[in-house]
Enquirer: 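Please see the structure below; I have some questions.
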Amino acid sequence: MGVAMSEVAWAGLALAGCLGLWLWLRLRPGAACSQRRRVRAALQRMPGCPALPLLGTTYRMLGLKRRELFASLDKTTRQYGPVFRTWNGSHGVVHLSEAEHIEIVLRSTVNIQKGYVYSFLKPWLGTGLLTSSGAKWHSHRKLITPAFHFNILDSFVEVFADKSEILVSRLEKEVGNSKGFDVYPYITRCALDIICETAMGTEMNAQDETDSPYLKAVCELTELIIQRIGKPWLHSDFTYSLTDQGAKFKDNLRILHDFTKKVIKERKEAMKNSEEFNNGTEDLFGRKKRMVFLDLLLEASKGGTVLSDEEIREEVDTFMFGGHDTTSTSMCWTLYLMALHLDVQEKVYEEQMEIFQGSDRKPTMKDLSEMKYLERVIKESLRLYPIAPFITRQVTQDIEIGEYCLPEGSQVMLHIYHVHRNHKYFPEPETFNPDNFLPERVLTRHPFAYVPFSAGSRNCIGQKFALLEEKAVLSAVVRRFRLRALDPPSRLQLLWELVLRPADGVRLTLQPRSTTPTDY
Ligand code: HEM
């Protein structure tokens with residue numbers, strides 16, 4: 001890391017360079033320039049705070065701590081209303097937080113290209129399903145969709161149940177710890193084990209070790225990406241690669257890529273070497289064979305005609321990221337809310353008792369489909385704490401939003417967090433109320449007022465997987481323990497790091513269900 005210059009020095013150099021570039025771009029004639037002028041003119045009509053050359057409106061974020069970023073954007077949104085604009089350096093971003101407006105964007109079959117901020121994910125995920133666009137996205141989405149077919153999900157329920165069993169056995173050691181403990185690492189390791197086995201057919205056994213280098217690298221990398229988004233002078237790949245942050249990013253990237261490459265290589269060799277693996281009904285370890293996501297990709301890439309090795313790596317990294325950080329964070333929020341609202345927790349428990357009649361057997365797909373109340377609780381948690389609070393699109397064709405035009409070349413940011421907390425659609429938006437998801441209420445609500453998994457053609461491909469996994473894990477925890485939260489919502493700080501997390505984790509206390517409740 002000896003060659004890395006300080007971030008401040010590079011910021012100075014990059015600013016000087018950018019100033020020259022900015023002047024050149026402004027004075028230069030041509031199509032790109034006229035598009036920029038159109039964007040500027042259109043965004044000038046929208047409310048928003050004053051912008052500075054080069055920095056745009058990001059100067060408002062300078063000096064903020066990580067945990068102050070989300071609160072700052074929340075405050076700006078409440079100040080400027082349902083349509084406003086910001087400037088992230090030279091990128092004009094229009095922010096929308098009403099269901100009617102979000103619907104226009106998500107229903108579009110043209111404006112499906114992700115916003116420029118996703119380019120900071122590309123060194124890690126390449127152009128996998130989340131970040132790609134155009135023909136590549138279309139063909140990969142078609143290829144991967146069968147991996148989430150009901151029959152395949154059905155075969156995963158056993159994995160969800162096995163990993164949940166390990167989770168509750170690990171949680172036993174926290175029983176009686178009256179000071180409380182952070183449940184977040186336990187849930188994350190469980191979710192990681194689940195995605196590894198279901199997506200790659202690999203046992204990671206993250207629940208057996210407390211220090212997973214993979215997990216540590218994911219956490220550091222996502223934090224670095226968010227920091228980079230808010231600092232326009234780090235947007236250039238060249239500048240970034242010369243900073244300490246860029247060097248740290250590269251180190252973490254190597255850990256993540258080495259891991260996925262190793263898994264793919266091993267699976268490929270196993271596939272090649274074992275006839276039983278290819279034709280039989282049992283896997284290499286004699287268990288009932290299930291089609292994992294990676295097998296589907298390897299199958300499709302035989303002969304290298306459909307998917308190259310690099311494309312497989314990109315998709316595996318995308319699913320490893322998309323498939324564990326999201327569900328683990330969502331489960332933590334649900335646990336927190338149940339631990340805070342004991343009446344809701346008791347109703348969840350009663351439903352479990354009805355389904356399992358006191359037995360501690362593992363759940364089946366049928367059991368999971370009967371957990372209607374738990375499903376409402378999970379959905380309500382995702383309303384209050386959507387894991388992806390904002391998603392962005394590149395506007396590739398003008399969009400009309402009421403009196404405004406979002407011109408081609410601008411970015412649009414959809415505020416899932418704010419539409420979920422809008423009293424137009426949810427009468428008491430700040431109150432946790434699973435009955436918001438009673439079928440009759442859902443029917444009368446605007447269909448785009450609740451979009452935790454996004455909607456339209458680029459919706460979340462893993463949403464059914466996520467709900468099943470969460471039900472299985474949460475069912476196991478609630479059947480075994482009474483939960484109590486230590487922190488009221490007023491003490492929680494929200495951290496926006498690609499996913500929306502509680503800044504200090506989720507502190508709980510546990511009491512076994514087998515004992516009489518105490519006022520612990
Ligand atoms: C509670 C859990 C989850 C939430 C809240 C969630 C949310 C989302 C959202 C909002 C998007 C749209 C992103 C955008 O437009 O930029 C998305 C896309 C995606 N999600 Fe999820 N997700 C969850 C779980 C999962 C799981 C378990 C997987 C995989 C196993 C997954 C894989 C993906 C992929 C690959 C995409 C990109 C789809 C495309 O563009 O075609 N997600 N997710």
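Counting starts at 1 for both ligands and their atoms, in listed order.
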Enquirer: Specify the protein heavy atom at minimum distance from atom 5 (C) of ligand 1: its residue, its atom name, and the distance to 0.1 Å.
Expert: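 The protein heavy atom lying closest is Pro452 O, 3.6 Å.
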Enquirer: Using the ring-ring contact (aromatic ring centres under 6.0 Å, His included) criterion, which residues pair with His95? Sequence neighbours excluded.
Expert: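 Partners of His95 under the ring-ring contact (aromatic ring centres under 6.0 Å, His included) test: Phe84, His415.
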Enquirer: So, at under 2.8 Å, which protein N, O or S atoms would a careful student list around atom 21 (Fe) of ligand 1?
Expert: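 Per the 2.8 Å query on atom 21 (Fe) of ligand 1, atoms found are Cys460 SG.
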Enquirer: Is the shortest side-chain heavy-atom distance between Leu340 and Phe432 below 4.5 Å?
Expert: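 They are not in contact (no side-chain heavy atoms under 4.5 Å apart), so the answer is no.
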Enquirer: List every atom of ligand 1 that sits less than 4.0 Å from any heavy atom of Phe465, numbering the atoms from 1 in the order shown and giving each element.
Expert: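 Near Phe465, the atoms of ligand 1 are 27 (C).
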Enquirer: Non-hydrogen atoms of Phe293 versus ligand 1: any pair closer than 4.0 Å?
Expert: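 Not so, Phe293 does not reach ligand 1.
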Enquirer: Can you pull the side chain to side chain donor-acceptor pair (under 3.5 Å) pairs that have at least one residue in residues 381-393, sequence neighbours excluded?
Expert: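 For residues 381-393, and leaving out neighbouring residues, the side chain to side chain donor-acceptor pair (under 3.5 Å) pairs sorted by first residue read Thr334-Ser381, Glu380-Arg383.
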Enquirer: Name every donor-acceptor pair, under 3.5 Å, that has one atom in a side chain of residues 119-128 and the other anywhere in the protein, sequence neighbours excluded.
Expert:
residue	atom	partner	partner atom	Å
Ser119	OG	Tyr116	O	2.5
Thr127	OG1	Lys136	NZ	2.7

Enquirer: Please report which non-hydrogen protein atom sits nearest to atom 29 (C) of ligand 1, along with the residue it belongs to and the distance in Å to one decimal place.
Expert: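 The closest one turns out to be Phe319 CD2, 3.6 Å.
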Enquirer: Does Asn459 have a non-hydrogen atom less than 4.0 Å from ligand 1?
Expert: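 Yes, that is the case, since the closest heavy atom of the residue is under 4.0 Å from the ligand.
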Enquirer: Lys372 side chain to Ser369 main-chain N or O, any donor-acceptor pair under 3.5 Å?
Expert: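 Yes: the side chain of Lys372 pairs with the backbone of Ser369.
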Enquirer: To the nearest 0.1 Å, how far is atom 38 (C) of ligand 1 from its closest protein heavy atom, and which atom is that?
Expert: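 Protein heavy atom with the smallest distance to atom 38 (C) of ligand 1: Arg141 NH1, 3.4 Å.
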Enquirer: Does any N or O atom in Thr327 lie less than 3.5 angstrom from one in ligand 1, N or O only?
Expert: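 No, since none of the N or O atoms of Thr327 sits under 3.5 Å from an N or O of ligand 1.
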Enquirer: Check whether any heavy atom of His140 sits under 4.0 Å from an atom of ligand 1.
Expert: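 No, His140 has no heavy atoms under 4.0 Å from ligand 1.
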Enquirer: State whether the shortest distance between N or O atoms of Trp137 and N or O atoms of ligand 1 falls below 3.5 angstrom.
Expert: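 Indeed, backbone or side chain, Trp137 has an N or O that close.
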Enquirer: Using a strict threshold of under 4.0 Å (side-chain N to carboxylate O), is an ion pair present between Asp74 and Arg78?
Expert: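 Yes, charged N to carboxylate O under 4.0 Å.
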Enquirer: Between Phe448 and Tyr425, does the ring-ring contact (aromatic ring centres under 6.0 Å, His included) criterion hold? Intermediate values first, please.
Expert: CA-CA 10 Å; Phe448 286 73; Tyr425 319 112; over 10 Å; no
Enquirer: Does atom CD (Glu430) have a neighbourhood of more than 12 heavy atoms from anything else shown, all under 6.0 Å?
Expert: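 Correct, the count exceeds 12.
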Enquirer: Quick test: of every protein heavy atom, which one is nearest to atom 14 (C) of ligand 1, and how far off is it to 0.1 Å?
Expert: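 The closest heavy atom on the protein side is Lys114 NZ, 3.3 Å.
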Enquirer: Is a side-chain N or O of Asp504 found less than 3.5 angstrom from the main chain of Gln493, in a donor-acceptor match?
Expert: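 Checked: no pair found.
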Enquirer: For this output row, return yes or no: ring centroids of Tyr240 and His235 closer than 6.0 angstrom.
Expert: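 They do not qualify: ring centres at least 6.0 Å apart.
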Enquirer: Give the numbers and elements of all ligand 1 atoms closer than 4.0 Å to a heavy atom of Tyr118.
Expert: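 By the 4.0 Å cutoff, the relevant atoms are 14 (C), 16 (O).
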Enquirer: Which word best sums up how the rings of His420 and Phe426 line up, parallel for under 30°, tilted for 30 to 60°, or perpendicular for over 60°?
Expert: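 Answer is perpendicular, since the angle exceeds 60°.
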Enquirer: Could you tell me whether Phe148 and Phe319 have their ring centroids closer than 6.0 angstrom?
Expert: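 Yes, they do, as the ring centres are separated by less than 6.0 Å.
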Enquirer: Please could you name the atoms of ligand 1 that Glu470 approaches to less than 4.0 Å, counting only its heavy atoms?
Expert: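 In order of numbering, the contacting atoms are 1 (C).
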